[in-house]
Colleague: 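What follows is a structure written as structure tokens; I'll ask about it next.
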Amino acid sequence: MIQPYTTSVTVTADRDWLASRHGTDSTETITLDLTKFSKNTHYVEAAPGQIHGYVRSGVPVGRITASSLYGPYDPAATDGRAILAGLVYAEAPFTPGTTKVAAALFWHGTVSTAKIPGGIDPAKIVPNPTGAQIRFVGAVSA
């Protein structure tokens, strides 16, 4: 006899980096290239007994030109990620072994600089017409 089995996963949103709700109603769907991200800085692996890891909410991302996937924003990158596209809006769950993860992109609004996972220096962000429209407030994180 086959017994149906259903599970659900609940991830509590940690969006303390948001300084206002402006822009939260118009996120865009993107795909992250998980191979470009760093464990513990950008994402958390599945713990024993759990089936999902997750990319942290608030991680800054840029679009990789060659693949159109998104990776962690890096002002020194030469693959397209030097243009800040926005921040991962909500924790994006993934199963072990996954390399592509769907996520929501927060691309305009106001954020608290000091609470960005992995940190960000707004002085290094070069304005770009295709980039994010984000206002950073508060102290620069280390």
Colleague: When hydrophobic residues are tied together by side-chain contacts of less than 4.5 Å, even through go-betweens, does Tyr54 share a cluster with Val59?
Modeller: no
Colleague: Which atom pair, heavy atoms only, marks the closest approach of Glu28 to Trp107?
Modeller: OE2-NE1, 3.6 Å
Colleague: Within the distance-only criterion (no hydrogens, no angle test), does the side chain of Thr113 pair as donor or acceptor with the backbone N or O of Val137 below 3.5 angstrom?
Modeller: yes
Colleague: Taking only residues two or more places apart in sequence or in another chain, which ones pass side chain to side chain donor-acceptor pair (under 3.5 Å) with Arg63?
Modeller: Ser68
Colleague: Can you list everything that forms a side-chain contact (heavy atoms from CB on, under 4.5 Å) with Ala92? Sequence neighbours excluded, please.
Modeller: Val55, Val101, Ala103
Colleague: How close do Pro60 and Gly119 get, heavy atom to heavy atom, and via which atoms?
Modeller: CG-O, 4.5 Å
Colleague: Please answer whether the main-chain N or O of Tyr89 pairs with a side-chain N or O of Arg15 as donor and acceptor at a distance below 3.5 Å.
Modeller: yes
Colleague: Hydrophobic side-chain clustering at under 4.5 Å (ILVMFWY, transitive links): who's grouped with Ile83? Put none if nobody.
Modeller: none
Colleague: Where do Pro117 and Ser57 come nearest, in terms of heavy atoms and distance?
Modeller: CG-O, 3.2 Å
Colleague: Do side-chain atoms of Thr98 reach the backbone of Lys100 as a donor and acceptor pair under 3.5 angstrom?
Modeller: no
Colleague: Is there a path of hydrophobic side-chain contacts, each under 4.5 Å between heavy atoms of I/L/V/M/F/W/Y residues, joining Ile125 to Val111?
Modeller: yes
Colleague: Would you be so kind as to tabulate the donor-acceptor pairs closer than 3.5 Å made by side chains of residues 41-51, with sequence neighbours excluded?
Modeller:
{"unit_1": "His42", "atom_1": "ND1", "unit_2": "Ser38", "atom_2": "N", "d": "2.9"}

Colleague: Using the rule that two of Ile, Leu, Val, Met, Phe, Trp, Tyr join whenever any of their side-chain heavy atoms come within less than 4.5 Å, decide whether Val88 and Ile116 are in one cluster.
Modeller: no
Colleague: First locate atom OG1 of Thr110, then atom CD of Gln133, and finally report the distance between them rounded to the nearest 0.5 Å.
Modeller: 11.5 Å
Colleague: First locate atom CD1 of Ile120, then atom CG of Leu87, and finally report the distance between them rounded to the nearest 0.5 Å.
Modeller: 6.5 Å
Colleague: Once you round to the nearest 0.5 Å, how far does OH of Tyr70 lie from CG of Leu32?
Modeller: 9.5 Å
Colleague: Could you please spell out the steps behind the side chain to side chain contact (heavy atoms under 4.5 Å, CB included) verdict for Val61 and Leu105?
Modeller: CA-CA 9 Å; Val61 294; Leu105 178 69; 3.6 Å; yes
Colleague: Are the side chain of Arg56 and the backbone of Ala90 linked by a donor-acceptor contact shorter than 3.5 Å?
Modeller: no
Colleague: Give, for atom CZ of Arg81 and atom NZ of Lys36, the distance between the pair rounded to the nearest 0.5 Å.
Modeller: 5.5 Å
Colleague: Mind checking whether His22 and His108 have side chains closer than 4.5 Å, heavy atoms only?
Modeller: yes
Colleague: The criterion is side-chain contact (heavy atoms from CB on, under 4.5 Å); which residues satisfy it with Ala82, sequence neighbours excluded?
Modeller: none
Colleague: Can the ring centres of Phe106 and Trp17 be said to be less than 6.0 Å apart?
Modeller: yes
Colleague: At what distance, to the nearest 0.5 angstrom, does NE2 of His52 lie from OG1 of Thr95?
Modeller: 6.0 Å
Colleague: Test of understanding: with side-chain contact (heavy atoms from CB on, under 4.5 Å), list the residues that count as partners of Thr35, not counting sequence neighbours.
Modeller: Asp33, Thr99
